[in-house]
Amino acid sequence: MLRKKLAVLLATAMVAASIVGCGGADQAAAPAEEAPAAADDAAADDAAPAEDAADDAAEAPAASGDVITVGYAQVGHESDWRTANTQNYQDVFSAENGYELSLIDCDNDNAVQLEAVRNFITQQLDYIVIAPIETAGWDTVLQEAQDAGIPVIIADREIDADASLYDAWVGTNTKNEGVTAGNWLAEYLDGKEANILIIEGSVGASAALGRSEGFDEVAAQHSEWKILDHQSGDFTQDGGQEVMESFIKSYEGQFNVVVCHNDNEAYGAMDAMDAAGITYGVDGDVIIISFDATHDGLQYTLDGKINCNVECNPIQAAVVAEVIQKMQNGESFEATTLVNDEAFVAPGIESQYATTMTEEILAGRAY
Ligand code: AHR
């Protein structure tokens, strides 16, 4: 059967780890061992001879001109970043490009996401792409996909599962994003005290865990910094506003830095501070750090309301499509691909870790 043969072909493909690049200015690419691993040669014992593999590749849907069916289990629609990421998948995995995309918005619900993946398996789609809501709980369903011979690509976020259970990973280095935010803050404060409040992303999401880990690592090197509190705003504007309102009740007058794990949380936090008469940004009392660097987030950065905005690039679908095309053709494919990230700071700030915002940069930002 084509699918079984294709699975064998994929399992025996020479998998090469590759780093496309990561970081603006001085942000270093993650060492290969820190990046999520991809499929190993667990199925090597079943390996088809090279001639069979070539035959199988010729039978693959792309080669025969058939439509390639792809299921994308998307996190939800919690943020502008997510909307841009969804649009990017719809653009790349279009009928015009030879794909039939089944995109399920899982509304940030783990159970819905597992069900979506199981439905993709039942429908025997050619490929499954998962943007995992949480890092945990993936082994069983990934084993089911593997047993069904359907290649799986994990995208955007990371998972805890055994790397032999999926075929490739594409995403950003969120720990590096957190480190960049911390390094920028240290540079900006230049030894001054920081009393920090953190509005984290969704609990259990690798994007939140990574940013916290990276930022905390830098914070630990600064005895003049104090993290007063951290709570999840669930990557939403409403969540950011609610958490900030509660922070203001508990810590009004005691904080001078607010770190938001994404732009939407930052918008909510700014609304809460506006309502409380607290000033922020380059001319205010509170420094705001955000992540994502979406169009509107960069507008606030250009306006000096957000001091530093560390990008998490949502434009990842073309990289996923490239991996799929290589699998289709029986070529070696990248086990791990890091998508480029940059960081941006408000006008008037010079940084070795980030680019100073301009109108031109904003004009070039489509999402
Ligand atoms: O996983 C990427 C994160 O998820 C983005 O930072 C956030 O906006 C989204 O909801």
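Start at 1 and go down the list; that is how both ligands and their atoms are numbered.
With a 4.5 Å cut-off on side-chain heavy atoms, Leu142 and Glu144 do not count as touching.
In the vicinity of Ser79, heavy-atom distances shorter than 4.0 Å reach the ligand 1 atoms 7 (C), 8 (O), 9 (C), 10 (O). With ligand atoms numbered from 1 in the order given, ligand 1 contributes 6 (O) to contacts under 4.0 Å with heavy atoms of Arg211. Those atoms of ligand 1 that come under 4.0 Å of a heavy atom in Glu78, given as number and element, are 4 (O), 9 (C), 10 (O).
A donor-acceptor contact closer than 3.5 angstrom links the side chains of Glu177 and Thr172. There is no side-chain donor-acceptor pair under 3.5 Å between His261 and Glu200.
Taking the six-membered ring for Trp and the full ring otherwise, the centers of Tyr72 and Phe120 sit at least 6.0 Å from each other. For Tyr89 and Phe93, the ring centers are positioned less than 6.0 Å apart.
At a heavy-atom distance under 4.0 Å, no atom of Glu177 approaches ligand 1.
Protein heavy atom at the shortest distance from atom 2 (C) of ligand 1 is Asp156 OD1, 3.3 Å.
Closest heavy-atom approach to atom 6 (O) of ligand 1 among the candidates Asn262, Asp292, Asn313, Asp234: Asp292.
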